[in-house]
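For the single chain, residues carry numbers from 1 onward in sequence order. None of the values given here were measured: they were computed from a predicted structure.
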Amino acid sequence: NRRRPVVAIIDTGVDIDHPDLKDNILMDLGWYSESNTSFDDVFGHGTEVAGIIAGEDNDVCIIGANPHALIVPVKALMDDGNGYCDEIIAGIDYAVSIGADIIVMAFGGPAELIESSDDYIREMEELLHETIRNASQKCILVASAGGYRKIDSPGTSPYVLTVGAYDWDGTPCYFSPIDTDGVLCGDCPGFTNHTDIGSNVELMAPGVNIVSTWNDGGTNVETGTTQACAFIAGAISALLMVKDYASREELWGEATHGKD
């Protein structure tokens, strides 16, 4: 009987008519950027993330990590899967404004942009990280680590839980970044403060041949840190339903150090 957590998925939208998702989508709260015309998903990526997080327990396709979670589509990426930094920032701000419990960012861009010689690019990347820092005071942010052993932005931010992927045998996937310097939690007391770009992953989850919902009303099988990120987001939403956490630091500590 606990309140169902709200998970804002910043992505390519969500298939709002998918039979395994439609009853868990808060369509009245859906949002899309100026580059889009609706929050429906024609690319498939956001729908896939939504299914892993909150696919309904209805014998249709799959069951998500937390079928009781509520999904808010925040379409900041375009129909080809790409996106603009300013629209991602607007999406994060929107998710915070509606009181989302968790913000999911299962995408990435080059981390080195924050050191770009182009003033506009560097300033936008700095603004993205500042927006994430501010959002972390009110929400739990979960991001995919990226691929090819290098963490992408926004996974480089010390204010997000960055998720890598492991294979069926429990070993890190060949494409996934891995932890190199221990658990971190932003500026939280008792945790290592992380400032180096691309050197840390907080959590690992399955990321190989994962079945999830797709934008055609059916399912699809994909591999990547996207899938791992969605699993962790769903699991954290389930934690929020069974335990009251006094702070973000407490939840981070239990998620990264817990033995149960």
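Side-chain atoms of His18 do not come within 3.5 Å of backbone N or O of Asp216 as any donor-acceptor pair. No side-chain donor-acceptor contact under 3.5 Å links Glu56 to the backbone of Pro67. Between the Ser153 side chain and the Thr156 main chain, no donor and acceptor come within less than 3.5 Å of each other. With hydrogens and angles disregarded, no donor-acceptor distance shorter than 3.5 Å links the side chain of Asn24 to the backbone of Gly55. Side-chain N or O atoms of Thr225 include none that pairs as donor or acceptor with a backbone N or O of Ala165 at under 3.5 Å. No donor-acceptor distance shorter than 3.5 angstrom exists from the side chain of Asn215 to the backbone of Gly13, with no hydrogens or angles considered. In terms of modelled atom types and a separation under 3.5 Å, the side chain of Asp80 and the main chain of Asn82 share a donor-acceptor contact.
Comment: Arg122 does not engage Glu125 in a salt bridge, judged by the lack of any side-chain N to carboxylate O separation of less than 4.0 angstrom.
Hydrophobic clustering, with ILVMFWY side chains joined whenever heavy atoms are under 4.5 angstrom apart, keeps Leu203 apart from Ile52. At a threshold of 4.5 Å between side-chain heavy atoms, the hydrophobic network of Ile, Leu, Val, Met, Phe, Trp and Tyr places Val42 and Ile71 in two separate groups. Put simply, Met124 and Phe107 are part of the same group of oily side chains (I, L, V, M, F, W, Y) that touch within less than 4.5 Å, one to the next. Under a hydrophobic-cluster definition in which Ile, Leu, Val, Met, Phe, Trp and Tyr are linked whenever side-chain heavy atoms come within less than 4.5 Å, directly or via other members, Val208 and Val201 are assigned to different clusters. Cluster membership for Phe231 and Ile9, using ILVMFWY side-chain heavy atoms within less than 4.5 angstrom, is not shared.
Residue Pro154 comes nearest to Ile132 through the heavy atom pair CB-CD1, 3.5 Å, listed as atom of the first residue, atom of the second, then distance. In plain terms, the two heavy atoms of Ser144 and Cys229 that are nearest each other are N-SG, 3.5 Å. When all heavy atoms are compared, the tightest approach of Asp15 to Asp40 is CA-OD1, 3.4 Å. Minimum heavy-atom separation, Leu240 to Pro5: CD1-CB, 4.5 Å. In terms of heavy-atom proximity, Ile88 sits nearest to Ala76 at CA-CB, 3.9 Å. Considering every non-hydrogen atom in both Phe43 and Thr12, the closest pair reads CD2-CG2, 3.8 Å.
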Q. After noting the C-alpha distance and the side-chain angles of Leu141 and Tyr159, does the key distance pass the side chain to side chain contact (heavy atoms under 4.5 Å, CB included) rule?
A. CA-CA 7 Å; Leu141 292 96; Tyr159 299 97; 5.8 Å; no

Q | Stepwise side chain to side chain contact (heavy atoms under 4.5 Å, CB included) test for Ile53 and Val104 | A | CA-CA 10 Å; Ile53 295 171; Val104 183; 3.9 Å; yes

**Q.** side chain to side chain contact (heavy atoms under 4.5 Å, CB included) between Ser212 and Gln227, intermediate numbers included
**A.** CA-CA 9 Å; Ser212 187; Gln227 292 70 28; over 6 Å; no

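Counting non-hydrogen atoms of neighbouring residues, nucleotides and ligands closer than 6.0 angstrom, the CG atom of Asp28 reaches no more than 12 such neighbours. By the neighbour-count criterion of 12 heavy atoms within 6.0 Å, atom OH of Tyr245 is densely surrounded, having more than that number from other residues, nucleotides or ligands. Atom CD of Gln137 sits in a crowded spot, with more than 12 heavy atoms from other residues, nucleotides or ligands closer than 6.0 Å.
There is a side-chain donor-acceptor pair under 3.5 Å between His45 and Thr226. A donor-acceptor pair shorter than 3.5 Å cannot be found between the side chains of Asn134 and Thr131. Using modelled atom types, one finds no donor on one side chain facing an acceptor on the other under 3.5 Å when comparing Asp20 with Thr213.
In this structure, Pro206 and Tyr166 have side chains that are in contact, with non-hydrogen atoms separated by less than 4.5 Å. Residues Glu202 and Thr162 form a side-chain contact, since some pair of their non-hydrogen atoms from C-beta on lies under 4.5 Å apart. Phe175 places a side-chain heavy atom less than 4.5 Å from the side chain of Thr223.
For the salt bridge (Lys or Arg N to Asp or Glu O under 4.0 Å) test, no residue two or more places apart in sequence or in another chain qualifies with Arg4. In this structure, Trp214 has no ring pair (Phe, Tyr, Trp, His ring centres under 6.0 Å) partners at least two apart in sequence or on a different chain.
The CG atom of Asp11 sits 9.0 Å away from atom CD of Glu48, with the distance rounded to the nearest 0.5 Å. Atom CD1 of Ile210 is separated from atom CH2 of Trp168 by 4.5 Å, given to the nearest 0.5 angstrom. The distance from the OG1 atom of Thr47 to the CD1 atom of Ile25 is 7.5 Å, given to the nearest 0.5 Å. In this structure, Ser33 OG and Met78 CE are separated by 7.5 Å, a value rounded to the nearest 0.5 Å. Within the model, atoms CD1 of Ile236 and CD1 of Ile140 stand 6.5 Å from one another, a figure rounded to the nearest 0.5 Å. For the atom pair CD1 of Ile92 and CD1 of Ile10, the computed distance is 4.5 Å after rounding to the nearest 0.5 Å.
Annotation: side-chain hydrogen bond (donor to acceptor under 3.5 Å, both in side chains) contacts involving residues 92-109, sequence neighbours excluded, comprise Arg3-Asp101.
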